[in-house]
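Let me begin by presenting the structure, written as structure tokens, before commenting on it.
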Amino acid sequence: MSKIGLFFGPLKGSVHRVAEKVKAALGEQYVDMISVNDAVLSDLEKYDLIIFGISTVGKETWDSNYSNTDWSKFFPNISKVDFSGKTVAIFGLGDHVTYSSYFVNAMGMLAKDLLKNGATIVGKVDPSGYEFDDSEAISDGMFIGLPIDEDFEPELTDERVSNWIKSIKPAFGL
Ligand SMILES: Cc1cc2nc3c(=O)[nH]c(=O)nc-3n(C[C@H](O)[C@H](O)[C@H](O)COP(=O)(O)O)c2cc1C
């Protein structure tokens, strides 16, 4: 079967830690972990099954808030790839207490560009299990991917990852 490309960033923080859990839950033999810090356009084109891991570290525009992150270099690649025929899932790190009105916004920004370029996004999550005021990652009443809060709800991470992986496995041929 074809491998899943798990594109994540930044390195060595919460996203990285959760990416390792996602990989383990899928079965590590099925997953290539790719840091967006090192990734190039052709890495993205290579995979038809893709998972993105991203954190929200700013609450306004991508340009002003992402200029210093691993994602800032990689993000423009998203608009250069034709995602038709590709199956994509996203998990997003955020903080639902301090940034309650901007909870996991980056996941929504990423999804917007992916959808514009034809991606099929799987793994939507019911927001009823979360407390927050607003989020750009909500679409048609659902989170477009899996929100994870390692700052204030780390004890929920394992169960959230496990349920999410169960829900996306069929779409990834597992
Ligand atoms: C400067 C800064 C801004 C942040 N802005 C947001 C935000 O707008 N929305 C949100 O949900 N979380 C926000 N967070 C929380 C991070 O997304 C959270 O701590 C995450 O776990 C960081 O993961 P990382 O270490 O892998 O980047 C912010 C954190 C920092 C330090």
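Just follow the structure's listing: the first ligand is 1, and inside any ligand the first atom is 1. This is a predicted model, so every value here is computed, not measured.
Residue Gly13 has no N or O atom closer than 3.5 Å to an N or O atom of ligand 1. For ligand 1, one of its N or O atoms has an N or O atom of Tyr102 under 3.5 Å away. Considering backbone and side-chain N/O atoms, His16 never comes within less than 3.5 Å of an N/O atom of ligand 1.
Here the options are Phe75, Trp71, Phe52, the test is side chain to side chain contact (heavy atoms under 4.5 Å, CB included), and the partner is Val36; only Trp71 passes. Just one of Val161, Ile51, Val104 meets the side chain to side chain contact (heavy atoms under 4.5 Å, CB included) condition when paired with Phe91; it is Ile51.
With ligand atoms numbered from 1 in the order given, ligand 1 contributes 17 (O), 20 (C), 21 (O) to contacts under 4.0 Å with heavy atoms of Leu93. Listed by atom number, the atoms of ligand 1 under 4.0 Å from Val15 heavy atoms are 26 (O). For ligand 1, the atoms closer than 4.0 angstrom to any heavy atom of Val104 are 10 (C), 11 (O). For ligand 1, the atoms lying closer than 4.0 Å to a non-hydrogen atom of Val57 are 1 (C), 2 (C), 3 (C), 4 (C), 5 (N), 28 (C). The Phe103 neighbourhood of ligand 1 comprises atoms 11 (O), with distances under 4.0 Å to a heavy atom of that residue.
In this structure, Tyr47 and Phe7 have perpendicular ring planes: the angle between them is above 60°, well past the 30° mark. Ring-plane geometry between Phe8 and His16 is classed as tilted, the angle between the planes lying from 30 to 60 degrees on a 0 to 90 degree scale.
Of the candidates Ala19, Gly94, Ala137, Ser14, the one placing a heavy atom closest to atom 24 (P) of ligand 1 is Ser14. In this comparison of Asp70, Thr98, Thr56, Asp95, the heavy atom closest to atom 17 (O) of ligand 1 sits on Thr56.
With respect to Lys112 and Glu136, no salt bridge is recorded, no charged nitrogen being found less than 4.0 Å from a carboxylate O.
Looking at Asp151 against ligand 1, only its side chain comes within 4.0 Å, counting heavy atoms.
Between Phe143 and Tyr130, the distance from one ring center to the other falls under 6.0 angstrom.
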Does the side-chain contact (heavy atoms from CB on, under 4.5 Å) test come out yes or no for Val122 and Phe172, once each step is laid out? CA-CA 9 Å; Val122 299; Phe172 282 86; 3.7 Å; yes
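Counting only N and O atoms by type, the side chains of Asn37 and Ser35 include no donor and acceptor under 3.5 Å apart.
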